[in-house]
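Side chains included, hydrogens not; waters and symmetry mates left out as well; all remaining heavy atoms used. What you see is a predicted model, and the numbers here were worked out from it, not measured in a lab.
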Amino acid sequence: MSGDQGFHGTLIHSPSPEAITILEDTLIIVSDRGVITRCDANISRDTLDRHLAQYAPHIQSTAVKRLPTYSFLTPGFVDTHNHAPQYPQRGLGQGLHILDWLSQLTFPNEAKFASPTYAHRMYSRAIDTFLQQGTTTASYYGSLHGEATKILATLCHAKGQRALVGKCNMNRNSPAYYSDASATESLTVTEDFLSHVHALDPGGDLVRPILTPRFAISCTDDLLTGLGHLAEANPDLPIQTHFNEAQQEIDATLSLFPASNEADLYDHFRLLTPRTILAHCTIMDTEHEYDVLKGRGCGVAHCPIANTTIGGGFMAAPIRRFLDRGINVGLGTDSGGGFSSSILDAIRQAIVVSNAREAQSDGNEKSLSLDEVFYLATLGGAKVCGLGEKIGSFEVGKELDAMIVRPNLVLGEDSEGKEQVLRDDDGVMTPVEVGDDIRTVWEKWLVSGNDKNIAEVYVKGRRVKG
Ligand code: GUN
Ligand code: FE
């Protein structure tokens with residue numbers, strides 16, 4: 001028998017931002033390499049075995065997971081911006097302006113990752129937590145340490161999380177105890193890290209390296225120049241940095257460089273490419289900056305929780321404007337900068353922030369729908385990470401990164417009006433009532449569920465939770 005497996009029941013995904021697609025009575029088959037080989041609709045439970053015998057005789061009936069009513073399979077979440085070493089400081093220091101938050105809280109915390117033992121312990125728990133929350137792909141910032149960041153990449157690979165992992169480059173405007181010694185040293189450690197990840201996962205099947213200048217404030221000209229050259233020499237290498245996050249940060253940045261805006265600054269150093277992920281992008285004052293981002297094909301990591309907690313202000317990023325211009329957007333948790341590493345929380349906050357943006361713009365920038373935000377959390381994020389052809393939706397030829405969602409409370413009543421409890425597990429999600437359609441269940445999960453409702457998680461077909 002092959003190692004192929006199948007799932008039968010309801011599938012929900014977002015092939016396009018406009019509306020989710022619900023596929024009921026669907027059979028999806030996944031090869032032992034994690035690739036979706038069939039996706040057949042309109043197969044009732046009664047005809048499933050017959051269908052398998054005819055179209056997939058190499059699969060045992062027992063290798064097909066039958067999803068119960070009110071459960072569904074949906075793509076795993078993509079977190080396009082997550083500082084892995086900030087896992088133990090999530091939620092702390094809220095209200096501090098960004099540069100104060102970095103110096104008072106974040107640099108002392110990240111410096112602890114100089115210890116490989118500490119890094120191994122903390123990263124191991126961080127990845128477990130993120131997988132538990134349904135994050136099947138993350139674009140990670142590591143700390144500045146080469147060794148710790150290798151540990152992060154190795155653990156992602158071993159635990160089966162898809163990831164972009166970057167050694168954080170920072171050689172100025174940070175304390176001596178937490179700074180790369182020089183541009184040369186920063187680049188040498190980066191190249192050594194790239195070699196490590198290429199040896200770990202030569203095809204980049206699961207884990208890939210990403211260039212990670214922290215932000216221009218913490219990088220000298222020669223470091224940014226060197227990273228731009230590295231990116232040019234390695235055309236597949238993705239790049240991530242923070243971009244137009246907060247006024248305090250923008251003012252400090254522009255005082256250090258001759259450029260009059262951050263788009264021109266990073267473009268000058270050739271760091272804006274179709275593989276570049278720009279975190280935050282909350283303050284976009286000129287059409288020119290949109291034009292540069294669009295022209296270079298950069299993606300935006302929208303981090304609505306961090307943007308409304310740290311940083312100094314309620315910074316509502318203009319997501320509708322990015323989408324209207326065809327700029328790819330995904331969701332990010334930021335981990336430390338916000339209070340949560342859950343993409344479910346980021347989804348809710350993205351709705352809140354987009355409502356604020358609509359009000360601030362006198363209705364010109366229409367708020368985002370739940371369907372649109374779900375798209376950002378899945379296929380939108382996959383595109384931002386350069387993985388849009390590989391994951392993010394259920395299509396034959398893509399790999400299966402997915403989760404099984406299960407409401408914890410399902411209630412009905414009998415003919416005499418007496419309560420019937422069909423399911424009562426641990427959890428707080430809005431109760432599902434018998435007769436709810438599957439879209440309602442999906443909405444109830446997105447707005448009120450949590451990781452307890454994420455029963456199983458799969459990356460590249462491998463079960464990593466449940
Ligand atoms: N800008 C530079 N470093 C950071 C960071 O760690 N978090 C956030 N939110 N912004 C940054
Ligand atoms: Fe960040």
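Enclosure of atom CZ in R270 is not indicated, since only 12 or fewer non-hydrogen atoms of other residues, nucleotides or ligands lie within 6.0 angstrom. With a 6.0 Å radius and a threshold of 12 heavy atoms from other residues, nucleotides or ligands, H198 has its NE2 atom above the threshold. No more than 12 heavy atoms of other residues, nucleotides or ligands shown are found within 6.0 angstrom of CZ on R125.
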ask   = Given the rule in the side chain to side chain contact (heavy atoms under 4.5 Å, CB included) test, do T80 and V329 qualify, once you have shown the distances and angles that lead to the verdict?
value = CA-CA 9 Å; T80 59; V329 181; over 6 Å; no
key: Audit row: N307, V353, side chain to side chain contact (heavy atoms under 4.5 Å, CB included) steps and yes/no   = CA-CA 9 Å; N307 297 156; V353 162; 6.0 Å; no
request  = Kindly indicate, with the supporting measurements, whether the criterion side-chain hydrogen bond (donor to acceptor under 3.5 Å, both in side chains) is fulfilled by T282 and N244.
outcome  = CA-CA 6 Å; T282 63; N244 285 352; over 6 Å; no
request  = Evaluate the side-chain hydrogen bond (donor to acceptor under 3.5 Å, both in side chains) criterion for residues Q133 and T135: first the C-alpha distance (whole Å), next the side-chain angles of each, then the deciding distance (0.1 Å), finally the verdict.
outcome  = CA-CA 6 Å; Q133 293 175 306; T135 298; 5.7 Å; no
message = Evaluate H145 against Y178 for ring pair (Phe, Tyr, Trp, His ring centres under 6.0 Å), listing each step before the verdict.
response = CA-CA 9 Å; H145 313 102; Y178 192 57; 5.7 Å; yes
ask   = What do the steps show when you test L446 against F374 for side chain to side chain contact (heavy atoms under 4.5 Å, CB included), and what is the final call?
value = CA-CA 9 Å; L446 283 184; F374 188 70; 4.0 Å; yes
message = With side-chain hydrogen bond (donor to acceptor under 3.5 Å, both in side chains) as the criterion, how do T136 and Q161 come out once you've worked through the C-alpha distance, each side chain's angles and the decisive distance to 0.1 Å?
response = CA-CA 6 Å; T136 48; Q161 189 181 41; over 6 Å; no
request  = Could you walk me through whether Y458 and F7 pass the ring pair (Phe, Tyr, Trp, His ring centres under 6.0 Å) test, one step at a time?
outcome  = CA-CA 12 Å; Y458 294 80; F7 299 85; 5.0 Å; yes
key: Verdict with reasoning, T21 to S14, per side chain to side chain contact (heavy atoms under 4.5 Å, CB included)   = CA-CA 6 Å; T21 298; S14 286; over 6 Å; no
ask   = Yes or no on salt bridge (charged side-chain N to carboxylate O under 4.0 Å, His left out) for R462 and D401, after CA distance, side-chain angles and deciding distance?
value = CA-CA 9 Å; R462 170 181 168 190; D401 285 13; over 6 Å; no
query = Do Y87 and Y123 pass the ring pair (Phe, Tyr, Trp, His ring centres under 6.0 Å) test, and can you show the C-alpha distance, the side-chain angles, and the key distance before you say yes or no?
reply = CA-CA 8 Å; Y87 163 77; Y123 282 152; 9.0 Å; no
request  = Apply side-chain hydrogen bond (donor to acceptor under 3.5 Å, both in side chains) to the pair N171 and S179, showing each step before the final yes or no.
outcome  = CA-CA 5 Å; N171 69 335; S179 178; over 6 Å; no
message = I'd like to know whether K390 forms a salt bridge (charged side-chain N to carboxylate O under 4.0 Å, His left out) with E395, so could you lay out the CA-CA distance, the side-chain angles of the two residues, the decisive distance to 0.1 Å, and finally the verdict.
response = CA-CA 9 Å; K390 216 174 187 188; E395 280 171 51; over 6 Å; no
request  = Show the numbers, then the answer: is there a salt bridge (charged side-chain N to carboxylate O under 4.0 Å, His left out) between D192 and K150?
outcome  = CA-CA 9 Å; D192 179 53; K150 288 182 191 174; 2.7 Å; yes
request  = Verify salt bridge (charged side-chain N to carboxylate O under 4.0 Å, His left out) between D291 and K294, making sure each step is shown before the conclusion.
outcome  = CA-CA 5 Å; D291 288 345; K294 168 81 181 159; over 6 Å; no
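Under a 4.0 Å N-O distance rule, the pair E110/R214 qualifies as a salt bridge. Salt bridge R357/E365: present, at least one basic N to carboxylate O contact under 4.0 Å. Using a cut-off of 4.0 Å between Lys/Arg side-chain N and Asp/Glu carboxylate O, E456 and R406 are scored as not salt-bridged. Note on E389 versus K398: no salt bridge recorded, every NZ/NE/NH1/NH2 to OD/OE distance being 4.0 Å or above. Taking a cutoff of 4.0 Å between a charged side-chain nitrogen and a carboxylate oxygen, R208 and D236 do not qualify as a salt bridge. We find that D267 and R296 are joined by a salt bridge, their nearest charged nitrogen and carboxylate oxygen being less than 4.0 Å apart. Checked for salt-bridge contact, D324 and R321 miss the test: no charged N lies under 4.0 Å from a carboxylate O. In summary, R439 and D371 engage in a salt bridge, as defined by a charged side-chain N under 4.0 Å from a carboxylate O.
Although no hydrogens or angles enter the test, the distance criterion places no donor-acceptor pair under 3.5 Å between the side chain of T333 and the main chain of I343. Without hydrogens or angle criteria, N234 side chain to L230 main chain gives a donor-acceptor distance under 3.5 Å. Not a single donor-acceptor pair under 3.5 Å links the side chain of D334 to the backbone N or O of G336.
Residues T241 and L271 form no side-chain contact, since every pair of their non-hydrogen atoms from C-beta on lies 4.5 Å or further apart. Counting only heavy atoms from C-beta outward, the side chains of V197 and V165 never approach each other to under 4.5 Å. Using a 4.5 Å heavy-atom threshold, the side chains of R320 and L368 count as touching. Counting heavy atoms from C-beta on, the side chains of V434 and L411 never come closer than 4.5 Å. When side chains are defined from C-beta on, H97 does not count as touching I310, because their heavy atoms never get closer than 4.5 Å. Taking the side chain as every heavy atom from C-beta outward, D128 and K159 approach each other to under 4.5 Å. Under the 4.5 Å side-chain criterion, counting only non-hydrogen atoms from C-beta, E399 is in contact with R162. Looking only at side-chain heavy atoms (C-beta outward), I28 and I36 come within less than 4.5 Å of each other.
Atom CZ of F243 sits about 7.0 Å away from atom CG of N261, to the nearest 0.5 Å.
Under 3.5 Å, the side chains of S367 and E358 contain a donor-acceptor pair of N or O atoms. Between the side chains of H196 and T154, a donor-acceptor pair is found at a separation under 3.5 Å. Residues R90 and S341 bring a donor and an acceptor atom of their side chains to less than 3.5 Å of each other. For the residue pair Y375 and K383, a side-chain donor N or O sits within less than 3.5 Å of a side-chain acceptor on the partner. Under the 3.5 Å distance criterion, with hydrogens and angles disregarded, no donor-acceptor pair is assigned to the side chains of Q86 and T106. Side-chain atoms of D251 and Q247 include a donor-acceptor pair closer than 3.5 Å. At a cut-off of 3.5 Å, with distance as the only test, no side-chain donor of D180 or N169 sits close to an acceptor on the other residue. In the model, Q240 has a side-chain atom that pairs as donor or acceptor with a side-chain atom of S139 under 3.5 Å.
Applying the salt bridge (Lys or Arg N to Asp or Glu O under 4.0 Å) test to E147 and every residue at least two apart in sequence or in another chain returns nothing.
Between H13 and F394, the ring planes lie parallel to each other; the angle is under 30°, not in the 30° to 60° tilted range.
Aromatic rings from F77 and F130 are positioned such that their centres are separated by 6.0 Å or more. Between F257 and H268, the gap from one ring centroid to the other reaches at least 6.0 Å. H242 has its ring centre less than 6.0 Å from the ring centre of H81.
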